[in-house]
> 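Have a look at this one.
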2 protein chains.
Amino acid sequence: MLDNYDLKLLSEIQRNADTPQSELASRINLSPAAVNRRLRRLADEGVIDRYTAILAPEKVGYPLTIVSMIEVESEQIDLLDAMKRTFEACPQIQQCYYVAGEWDFVLIFSVRHMEEYNDLTRQLFFANNNVKRFKTLVTMSRVKAGLDIPVAPSA
Amino acid sequence: MLDNYDLKLLSEIQRNADTPQSELASRINLSPAAVNRRLRRLADEGVIDRYTAILAPEKVGYPLTIVSMIEVESEQIDLLDAMKRTFEACPQIQQCYYVAGEWDFVLIFSVRHMEEYNDLTRQLFFANNNVKRFKTLVTMSRVKAGLDIPVAPSA
DNA sequence: TCTGAAAATGGACCTTT
DNA sequence: AAAGGTCCATTTTCAGA
């Protein structure tokens, strides 16, 4: 379904989505038109979910990244769904994973300052009966942050 | 430093970096040229870190997202730096946070299957003397995954 | 794959605050 | 000076042959 040209293309546009198609074309040895068709196809098929700009959090006033983990009281499906919807709707929550293991949810927050996080814990955790306990890990350094997938073309 | 035009612009291009500058211009009531200048400035200043394509992990053969947490043996600076460099270099690690709290590192992996993760734990964790213990949380559902920062323009 | 039209980008230059 | 607007050249995209 995805051939090596696709994989190389995906790899390139993950690194930099601003690269002109003509430049991509010469890098992977294909004509610009072929690159254009492939990119359109990959977007149509949903392989490319979306194009986005990644901002530097500190430069836009969101210097604090926080990881928190939640254990729920009940795994009843409608309770879980309600929680998922709430987390999804919260703009300071960048990522939310429903996981198996010692915890049930892992959340990544991007906030302006501790107080903002504190307020959010009140709204999202303390006010929610289904949150049994949670733990907060404050990030001291974002060693690596991206959503890149290692789509290396096979040799 | 960043005015409301900048914030609106950043908000738009986080949602969709493919929007033509002319379209952005009409949305925020500015000329296309002004938008062009601002985008360039924001990129030059590093406010915009980079443009990227976000892929659908399942569609490129990486259906498994795993969160792991590590406690280190020693927080000696050169040992930590070595670990950071190792994690940074590992393509399956999307994100690495150095945190304060019960754990020292939080990692987000994107892998093809459990075996791949298993191999990585051997290389990265078991083979490293400075890893005291680690915990694995396997994602059942990626409720929300992005790096968007809620740069809402002030009213 | 090639060619060309349409669209988008980005510079030059002038005007406003 | 700093930033906006208009206009125009160049580059890029993208469809038809």
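Quick caveat: nothing in here was measured; it's all calculated off a predicted structure. In what follows, every chain begins at residue 1, and chains take the letters A, B, ... in the order their sequences are listed.
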> Minimum heavy-atom separation for B:Leu39 and B:Leu24, please, with both atom names.
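Between these two residues, the closest heavy atoms are CD1-CD1, 4.2 Å.
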> Tabulate atom names and distances for all N/O pairs under 3.5 angstrom spanning the protein and nucleotides 14-17 of chain C.
none

> Within this structure, what is the OH-to-P distance between B:Tyr5 and D:dA3, rounded to whole angstrom?
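Distance check: B:Tyr5 OH to D:dA3 P gives 13 Å.
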> Salt-bridged, A:Arg133 to A:Glu71, with N to O below 4.0 Å?
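Looking at A:Glu71 together with A:Arg133, the answer is yes, because their closest N to O distance falls below 4.0 Å.
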> Distance from A:Asn29 atom CG to A:Arg27 atom CZ, nearest 0.5 Å?
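These two atoms lie 12.0 Å from each other.
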> Side-chain heavy atoms under 4.5 Å apart, restricted to Ile/Leu/Val/Met/Phe/Trp/Tyr: what other residues fall into the cluster of A:Leu80, or is it alone?
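Traced through the cluster, A:Leu80 reaches A:Leu64, A:Ile66, A:Ile70, A:Val72, A:Met83, A:Phe87, A:Ile93, A:Tyr98, A:Phe105, A:Leu107, A:Phe109, A:Val111, A:Met114, A:Tyr117, A:Leu120, A:Leu124, A:Phe125, A:Phe126, A:Val131, A:Phe134, A:Val138, B:Met140, B:Val143.
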> I need the residues from residues 24-36 of chain A with at least one non-hydrogen atom less than 4.0 Å from DNA chain C; give them sorted by number, or say none.
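Output list: A:Ser31, A:Ala33.
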> If you link ILVMFWY side chains whenever their heavy atoms are less than 4.5 Å apart, which other residues fall into the same cluster as A:Leu79? By chain and number, please.
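Joined to A:Leu79, directly or through intermediates: none.
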> Salt bridge check, A:Asp148 against B:Arg50: does any charged N sit closer than 4.0 Å to a carboxylate O?
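A salt bridge links B:Arg50 with A:Asp148.
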> Heavy-atom contacts under 4.0 Å between residues 37-53 of chain A and DNA chain C, which residues?
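Only A:Arg37 qualify.
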> I need the minimum non-hydrogen distance between B:Ala17 and A:Ala53, along with the two atoms involved.
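Answer, listing the atom of B:Ala17 first, then A:Ala53: CB-N, 3.8 Å.
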> Under a 3.5 Å distance rule, please check whether A:Lys144 uses its side chain to pair with a backbone N or O of B:Glu88 as donor and acceptor.
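Confirmed, A:Lys144 side chain pairs with B:Glu88 backbone.
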> Please work out which residues in residues 11-21 of chain B have a non-hydrogen atom less than 4.0 Å from an atom of DNA chain C and list them by number.
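Output list: B:Pro20, B:Gln21.
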